[in-house]
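Okay, so here's the structure we're looking at.
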Amino acid sequence: MSKKKVRFMCTAFRDGFQSVYGARVFTQDFLPAVEAACDAGIDYFEAGGGARFQSLYFYCNEDAFAMMDAFRSTAGSAANLQTLARGVNVVGLESQPSDIIKLHAELFKKHGITTIRNFDALNDVNNLVYSGRCIVDAGLKHQVCVTLMELPPGCEGAHDAEFYEQTLRQILDAGIPYDSVCFKDASGTAVPSKVHETIKRARQMLPEGTFIHFHTHETAGIGVAANLAALEAGADAIDLSLAPCSGGTCQPDLLVMWHALRGSQFDLNIDINKVREAEEVFKECMVDYFLPPEAVAVEPMIPWSPMPGGALTANTQMLRDNDIMDKYPDIIKAMREVVERGGYGTSVTPVSQFYFQQSFNNVMFGPWKRIAETYGQMVLGYFGKTPVTPDPEIMQAASEQLGLQPTTRPPLERNDADPEKGIPAARRQLETNDLELTDENVFIVATCKDKGLSFLKGQAEIGVRKIEKEKTVPSVSADAPASYNLSLNGRSYSVSIDGNTAVVNGKTFQVELNSVSNGSSPSAETSDQSVAITAEMPGKVIRLLVDVGTTISEGDSLLVLEAMKMEMPISATISGTLTEISVSPGDQVAAGDTLALIS
């Protein structure tokens with residue numbers, strides 16, 4: 001009996017990077033591995049989009065469009081290069097208006113992409129209609145998605161085969177143009193029996209010959225079994241990755257899946273020895289990168305706290321950036337309640353990030369004391385319709401804290417009416433900052449906002465985490481200035497101290513150095529008339545809102561911190577005069593640090 005040839009997409013250079021390194025990888029470091037994979041006969045790659053768009057501007061000081069160009073040049077003209085899009089959110093956490101959604105498709109076509117996999121995390125089909133048409137109109141192949149997950153044990157109300165069948169029927173009834181259909185399980189929690197039943201129903205519903213693709217992760221340890229269930233139910237393709245970006249939070253490894261299919265009716269149609277060689281090249285490319293231990297492990301608690309692999313390590317990297325990785329176990333445990341009370345949106349970006357942000361807030365500030373803005377907007381309907389109605393108590397808390405009323409107005413309609421969004425708004429920002437008015441720059445600013453502007457102005461920072469090699473510190477004479485290379489929360493500083501003069505990254509400061517006795521620590525002193533405004537949690541200062549000397553009322557916002565992709569305004573605790581701002585934009589602060597003084 002002849003075997004069925006199974007197509008697969010190699011996710012190593014997009015989802016693999018996101019799931020292992022938080023998407024923080026330099027382009028030139030991995031291109032030799034792409035070339036090796038092509039030499040091994042692989043011709044279908046995930047090449048960008050998703051978190052690998054924003055992360056290049058946020059952490060790598062690189063242009064995502066240049067990365068896609070380099071990928072196409074390396075892979076050759078015949079390769080199918082696919083990217084990931086989030087419906088009306090395209091490549092960010094924030095939903096976009098029609099002109100940016102259209103521009104997304106046109107620019108990705110321009111920069112060498114073949115196919116866009118397009119999903120909505122709420123399975124709200126209204127969010128796929130316009131984006132799908134834009135993809136096809138731009139000359140790209142459209143892979144439309146139904147997003148899967150397993151609800152935490154004990155939860156009911158959506159995410160069964162019947163729910164997915166209804167979602168697919170809505171896609172077909174809406175007339176969304178598509179070239180293939182994907183069932184996407186980003187958390188790797190959908191049990192194999194449900195995967196099988198869902199794809200069996202889809203195969204019966206879809207026109208004969210429709211290409212069905214299945215996507216999962218190994219995070220919960222059932223990725224291989226789920227892939228087998230999908231293939232046996234009639235799927236044509238699965239997603240696989242390459243070591244070191246395989247297994248654990250990633251897709252199953254290509255070698256592992258090849259082994260699992262031995263003796264079956266399925267064949268991946270690969271030269272396994274050439275694939276082994278390609279993996280060795282890839283491992284060598286990534287040898288200097290810090291490999292988080294949680295990225296290579298099966299996490300038994302994921303069925304109770306369905307955090308997708310692509311979000312798990314992105315968030316643990318940010319926890320490490322802020323030196324609060326010790327909070328991670330509590331945050332994961334808090335996710336179940338956040339999912340259960342939030343309306344059962346699929347745990348895939350952006351919704352998975354909303355879940356994580358709210359879990360983070362529940363741990364850091366107390367349960368439901370601070371509603372994360374995006375989570376609150378989701379439960380109130382600002383990203384579309386959730387699969388089930390969120391908990392009324394949480395909706396009320398979100399409405400009161402955010403000052404928003406529940407809405408059923410479609411996100412696209414609301415965004416199109418927002419003068420602060422879209423191409424004209426982005427062009428104004430470029431003009432204000434004397435930046436070139438290209439389509440690419442417009443899209444970068446629209447989707448990456450302040451960090452996109454920082455990149456375009458040459459002010460982007462590097463946040464790629466590599467293994468720090470031990471350095472020998474040369475000895476200096478006692479009379480010479482003391483010089484140090486200081487690494488603090490992922491940022492590097494060159495520090496030289498000579499008497500009461502300190503030079504930090506080329507800037508000179510007058511300082512006073514005093515010795516501190518053992519067991520004591522310096523304390524922040526304020527005058528009797530001054531009150532210190534301190535940071536409630538670690539974060540980065542991204543914006544100052546008022547000037548020294550301003551008369552302040554209690555509750556006024558003074559500055560904005562960023563942590564875990566959330567902007568957190570810091571407010572005055574008393575009324576008075578702002579006498580000091582103790583931080584500058586870009587500064588990393590710890591919990592309890594003094595940010596400003598009011599007298």
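Numbering of residues begins at 1 and proceeds along the displayed sequence.
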Pair R320-D326, salt bridge (Lys or Arg N to Asp or Glu O under 4.0 Å): steps then yes or no = CA-CA 9 Å; R320 287 187 174 93; D326 60 303; over 6 Å; no
What do the steps show when you test F383 against F354 for ring pair (Phe, Tyr, Trp, His ring centres under 6.0 Å), and what is the final call?
-> CA-CA 11 Å; F383 289 94; F354 305 163; 4.8 Å; yes
Before giving the answer on side chain to side chain contact (heavy atoms under 4.5 Å, CB included), spell out for L240 and C10 the whole-Å C-alpha distance, their side-chain angles and the decisive distance to 0.1 Å.
-> CA-CA 5 Å; L240 301 170; C10 176; over 6 Å; no
Evaluate side chain to side chain contact (heavy atoms under 4.5 Å, CB included) for T83 paired with V91, printing each intermediate quantity in order.
-> CA-CA 10 Å; T83 59; V91 291; over 6 Å; no
Could you check C182 against V144 for side chain to side chain contact (heavy atoms under 4.5 Å, CB included), going step by step and ending with a plain yes or no?
-> CA-CA 6 Å; C182 178; V144 69; over 6 Å; no
With ring pair (Phe, Tyr, Trp, His ring centres under 6.0 Å) as the test, would you mind laying out the steps for F17 and F30 before giving the verdict?
-> CA-CA 10 Å; F17 286 158; F30 74 85; 5.0 Å; yes
Do L84 and K184 pass the side chain to side chain contact (heavy atoms under 4.5 Å, CB included) test, and can you show the C-alpha distance, the side-chain angles, and the key distance before you say yes or no?
-> CA-CA 11 Å; L84 186 66; K184 177 178 171 60; 4.1 Å; yes
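Counting only distance, with no hydrogens or angles, the side chain of D236 and the backbone of I212 share a donor-acceptor pair below 3.5 Å. With hydrogens and angles disregarded, a donor-acceptor distance shorter than 3.5 Å links the side chain of T210 to the backbone of P207. In this structure, the side chain of D179 does not engage the main chain of Q143 through any donor-acceptor pair within 3.5 Å. Panel note: side chain R203, backbone E208; no donor-acceptor pair is recorded below 3.5 Å. In this structure, N269 contributes its side chain and K5 its backbone to no donor-acceptor pair below 3.5 Å. Of the possible donor and acceptor atoms, none in the side chain of S19 sits under 3.5 Å from a partner among the backbone N and O of C250. In this structure a side-chain-to-backbone donor-acceptor pair under 3.5 Å is missing from R370 to Q358. Not a single donor-acceptor pair under 3.5 Å links the side chain of S264 to the backbone N or O of A260.
Geometric assessment of K4 against the ring of F266 yields a negative cation-pi assignment under the 6.0 Å and 45° thresholds. Remark: K451 is not positioned above the aromatic ring of Y57, lacking an NZ or CZ atom under 6.0 angstrom from the ring centre and at most 45 degrees off the axis.
Salt bridge absent: K200 and E232 never bring a charged side-chain N and a carboxylate O closer than 4.0 Å. Checked for salt-bridge contact, D239 and R14 miss the test: no charged N lies under 4.0 Å from a carboxylate O. Classification of K421 and E94 as a salt-bridged pair holds, one side-chain N sitting under 4.0 Å from a carboxylate O. A salt bridge is defined here as a Lys NZ or Arg NE, NH1 or NH2 lying under 4.0 Å from an Asp or Glu carboxylate O, and D185 with K194 fails to meet this definition. Salt-bridge check for R24 with D321: passed, with a basic side-chain N closer than 4.0 Å to an acidic carboxylate O. Between R169 and E165 there is no salt bridge, since no side-chain nitrogen of the basic residue lies less than 4.0 Å from a carboxylate oxygen of the acidic one. A salt bridge links E393 to R341: one of the charged nitrogens lies within less than 4.0 Å of a carboxylate oxygen.
Using cut-offs of 30° and 60° on the angle between ring planes, the pair H104 and F108 is tilted. Using cut-offs of 30° and 60° for the angle between ring planes, the H215 and H217 rings count as perpendicular. Classified by interplanar angle (parallel below 30°, tilted 30° to 60°, perpendicular above 60°), the ring pair F443/F53 is perpendicular. Using cut-offs of 30° and 60° for the angle between ring planes, the F71 and F13 rings count as perpendicular.
In this structure, the side chains of Y355 and V351 come closer than 4.5 Å at one or more pairs of heavy atoms. The shortest side-chain heavy-atom distance between T374 and Q357 falls under the 4.5 Å cut-off. Contact annotation: the side chain of S399 approaches that of L380 to within less than 4.5 Å [non-hydrogen atoms, C-beta and beyond]. With contacts defined as side-chain heavy-atom distances shorter than 4.5 Å, the pair R465/Y289 does not qualify. Within the 4.5 Å cutoff, the side chain of Y178 has no heavy atoms near those of the V136 side chain. Looking only at side-chain heavy atoms (C-beta outward), I176 and H142 come within less than 4.5 Å of each other. At least one side-chain heavy atom of L168 sits under 4.5 Å from a side-chain heavy atom of F183. Contact annotation: the side chain of Y375 never approaches that of Q377 to less than 4.5 Å [non-hydrogen atoms, C-beta and beyond].
Note: T189 OG1 to I302 CD1 = 8.5 Å, rounded to the nearest 0.5 Å. The distance from the CE atom of M325 to the CG atom of N315 is 10.0 Å, given to the nearest 0.5 Å. The CG atom of N415 sits 7.0 Å away from atom CD of Q96, with the distance rounded to the nearest 0.5 Å. M378 contributes atom CE, which lies 7.0 Å from atom CG of L122 (distance to the nearest 0.5 angstrom). For the atom pair NE2 (H259) and CG (D253), the distance works out to 12.0 Å, reported to the nearest 0.5 Å. S131 OG to I101 CD1: the interatomic distance, rounded to the nearest 0.5 Å, is 6.0 Å.
In summary, the side chains of W368 and E337 do present a donor paired with an acceptor at a separation below 3.5 Å, with no hydrogens or angles considered. S95 and N89 form no side-chain donor-acceptor contact under 3.5 Å, judged by distance and modelled atom types alone. Residues D416 and S98 have side chains that bring a donor and an acceptor to within less than 3.5 angstrom of each other. Inspection of the N80 and T115 side chains reveals an N or O donor paired with an N or O acceptor under 3.5 Å. Under the 3.5 Å distance criterion, with hydrogens and angles disregarded, no donor-acceptor pair is assigned to the side chains of T11 and E46. Side chains of Q251 and D15: a donor on one and an acceptor on the other come within 3.5 Å. Side-chain polar atoms of T316 and E294 form a donor-acceptor pair below 3.5 angstrom. Side-chain contact, Q166 with Q170: no donor N or O sits under 3.5 Å from an acceptor N or O.
Within a 6.0 Å radius of CZ in R414, more than 12 heavy atoms belonging to other residues, nucleotides or ligands are found.
Nearest heavy atom pair, residue L148 against residue T346, reads O-CG2, 3.2 Å. Minimum interatomic distance between M335 and S305 (heavy atoms only, all atoms of both residues): CB-CB, 3.9 Å. Of all the heavy atoms in P252 and G223, the pair that sits closest is CG-C, 3.9 Å. Closest approach of R86 to G92, counting heavy atoms only: NH1-O, 3.3 Å. Taking every heavy atom of both residues into account, L268 and M257 meet most closely at CD1-C, 4.1 Å. Closest non-hydrogen pair, V195 versus A226, comes out as CG1-O, 3.8 Å.
Proximity of the aromatic rings of F290 and Y21 is defined here by a centroid distance below 6.0 angstrom, and this criterion is not met. For F8 and F214, the gap between ring centers reaches or exceeds 6.0 Å.
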